[in-house]
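Heads up: the structure comes next, in structure tokens.
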Protein chains: 2
Amino acid sequence: MSHTLGIRQAQKQKTRQAFLDAALALLEEQSLSSLGLREVTRAVGVAPTAFYRHFRSTADLGVALVDEALGSLHPMVRTTVSTAGGSEERIVRAIDLISHHVDTHPAHVRFIARERHGGVQPVREAIRAQLERFAEEVKAELAKDPQAAGWNDDDLLMLAHLYVDQMLITASLFLEAQEAPAEERQRVTRLARRQLRLITVGRSHWLD
Amino acid sequence: MSHTLGIRQAQKQKTRQAFLDAALALLEEQSLSSLGLREVTRAVGVAPTAFYRHFRSTADLGVALVDEALGSLHPMVRTTVSTAGGSEERIVRAIDLISHHVDTHPAHVRFIARERHGGVQPVREAIRAQLERFAEEVKAELAKDPQAAGWNDDDLLMLAHLYVDQMLITASLFLEAQEAPAEERQRVTRLARRQLRLITVGRSHWLD
DNA sequence: AATTCCAGAGAACAGTTGTTAACTGGATGA
DNA sequence: TCATCCAGTTAACAACTGTTCTCTGGAATT
């Protein structure tokens, strides 16, 4: 199926990835709308004009970063929501999973939080579309749960969005607490768990 | 109490406000970290150097914008949460209030949503501090409610943060739907109401 | 009336930006 | 083997950036 790339294509992809990595690093201290093309090429160690061989603009690069940051996350979300076990057990596991993901991919998380409402329209749209996909997937998993009996589609999607937004809020909190002492990070963990718990309580009494 | 300003101070404040207004307008299509000092002075119609008479940097201007956007909002939040009436009635009124505020101050709302996780640290910190104040105020109002009997302080603050974050999410949704047809805006209204309802249901069964 | 103050103007600085055109040299395919 | 392709280079462009220093003219103070 997958044809082995020639030396040429392989080198091109390698450079492209170097662009993405360099940009992500530079974006820890600024927004995409202020990221300069020359700034990125300088960080990669390549001529400014080389940029155009891979991206039309920095906005284009941003959209590629959205795919890198969120594209591979769908399986994880799907299984997290659907995993069997008691509801308390699932809450703890979900928060731990977010915490772990922030630890291993802080720059990706920062990028998404920053550019979700950022100044570059195509990037906002790309993030919005990915989050909509997450919501649809969460909804599909929720629908499988016996607890979903009697729920209409609109309410399921409403709940799914609530979960997705809460996921992002939690990730952002972990990110802010990243350099903080362990006790602060533990405080965030407990807060996130209780918020998720409250939503879950609301869910289980929704039909009353 | 308030001493009438001299011609000089009055003119200075006028120019300062012109800076804030011009910046806010420019920030509808970009982030603060890419806002240039000359760009702002050009929009105001004043020499670049005049900027330094009012702000040290664009970050400084950003912090001033945070105060303008959120500083005067505290009374509104306070009364909204505390207003008497049935819970369903209060939910409808809260969402309507947010919707109205987004209609009347779209640029302010956009600015806060954009810079909350934006690339300028002092501005992020200023927004964080204001939102923390909101949460404390909401918590204080919640504590007055008879429903809060048996709640500990941590859980009250947890719920207050949930409300504040939800308020921002809703405002952002209204903003995105601003140019959309009326039916889309109505859809957002209903979604926001139901999410608030679900949180309220969770709240009323929290102690079970 | 004379003096001080200070918001804003003007000019100049060294650096930066995105984009263009024409090029080089190694991988690719006939 | 030889012609084609194309990722990356080099050079140059006009336009823009933040910041400094010096100056001005009207308001504020004495």
Side-chain angles (χ1 to χ4, degrees), chain A residues 2-65 115 118-123, chain B residues 2-23 25-27 29-65 115 118-123:
Chain A
S2 76
H3 176 256
T4 308
L5 271 53
I7 301 178
R8 202 152 171 181
Q9 289 291 326
Q11 179 55 42
K12 180 170 185 181
Q13 291 229 6
K14 207 171 160 186
T15 307
R16 185 189 139 99
Q17 189 59 47
F19 275 123
L20 293 176
D21 293 347
L24 205 56
L26 290 166
L27 286 172
E28 304 217 354
E29 290 168 334
Q30 61 183 314
S31 310
L32 183 63
S33 79
S34 64
L35 183 71
L37 159 173
R38 294 182 100 107
E39 202 179 351
V40 183
T41 58
R42 201 184 307 128
V44 173
V46 92
T49 46
F51 186 88
Y52 294 105
R53 300 283 175 201
H54 301 271
F55 310 98
R56 278 181 227 273
S57 61
T58 50
D60 195 18
L61 184 155
V63 171
L65 276 176
E115 300 304 330
V120 183
Q121 199 268 330
V123 171
Chain B
S2 75
H3 176 256
T4 307
L5 271 55
I7 299 180
R8 202 152 170 174
Q9 290 291 324
Q11 178 55 39
K12 180 168 184 180
Q13 290 229 6
K14 208 172 160 186
T15 306
R16 185 190 140 98
Q17 189 59 46
F19 275 124
L20 294 176
D21 294 347
L26 290 166
L27 286 172
E29 290 168 334
Q30 61 181 314
S31 310
L32 183 62
S33 78
S34 64
L35 183 70
L37 163 170
R38 295 184 100 108
E39 200 179 351
V40 183
T41 58
R42 201 183 307 129
V44 173
V46 92
T49 47
F51 185 89
Y52 294 105
R53 298 285 175 197
H54 301 270
F55 309 100
R56 277 181 228 273
S57 60
T58 50
D60 195 17
L61 185 155
V63 171
L65 276 176
E115 300 304 330
V120 184
Q121 200 268 330
V123 172

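Numbers restart at 1 for each chain; the letters A, B, ... are given by sequence-line order, proteins then strands. Predicted model, so just to flag it, every value in this text is computed and none were measured.
Between B/Glu39 and B/Ser34, the shortest heavy-atom contact is OE1-O, 3.9 Å. Scanning all heavy atoms of the two residues, the minimum distance from B/Arg38 to B/Thr41 falls at O-OG1, 2.9 Å.
For the pair B/Gln13 CD and D/dA27 P, the interatomic distance rounds to 18 Å; values are reported in whole Å. A straight line from CZ of A/Arg53 to P of C/dG18 spans 18 Å, rounded to a whole angstrom. Residue A/Ile7 contributes atom CD1, which lies 15 Å from atom C1' of D/dC6 at whole-angstrom precision. Regarding A/Arg16, its CZ atom lies at a distance of 17 Å from the C1' atom of D/dG8, rounded to whole Å. Rounding to whole angstrom units, CZ of residue A/Phe51 and P of C/dT20 are separated by 13 Å. Atom C1' of nucleotide D/dA7 and atom NZ of A/Lys14 are separated by 14 Å, given to the nearest angstrom.
Taking for each of B/Tyr52 and B/Gln9 the nucleotide of DNA chain D with the nearest heavy atom, the 5'-most of the two is the partner of B/Tyr52. Between A/Ala50 and B/Arg56, the one whose closest nucleotide on DNA chain D sits nearer the 5' end is A/Ala50.
Without hydrogens or angle criteria, A/Ser31 side chain to B/Ser33 main chain gives no donor-acceptor distance under 3.5 Å. When atom types are taken as modelled, the side chain of B/Glu115 and the backbone of B/Gly62 share no donor-acceptor pair closer than 3.5 angstrom.
Listed by chain and residue number, A/Phe51 satisfy the ring-ring contact (aromatic ring centres under 6.0 Å, His included) test with A/Phe55 (two or more places apart in sequence, or in another chain). For A/Glu29, there are no salt bridge (charged side-chain N to carboxylate O under 4.0 Å, His left out) partners, not counting sequence neighbours.
Residue B/Ser57 is classed as having no contact, given no heavy-atom separation below 4.0 Å to the nucleic acid.
Taking NZ of A/Lys12 as the start and CZ of A/Arg8 as the end, the distance is 9.5 Å to the nearest 0.5 Å.
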Pairs under 3.5 Å (N/O, protein and nucleotides 15-17 of chain C):
unit_1: C/dT17; atom_1: OP1; unit_2: A/Arg42; atom_2: NH2; d: 3.1
unit_1: C/dT17; atom_1: OP2; unit_2: A/Arg42; atom_2: NH2; d: 2.6

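Which of C/dA21, C/dA27, D/dG8 sits closest to the side chain of A/Thr49 comes down to C/dA21. In the set C/dA27, C/dA7, D/dA7, the nucleotide with an atom closest to the side chain of B/Lys12 is C/dA7. The B/Arg8 side chain lies nearest to D/dA28 when the options are D/dA28, C/dA9, C/dT19.
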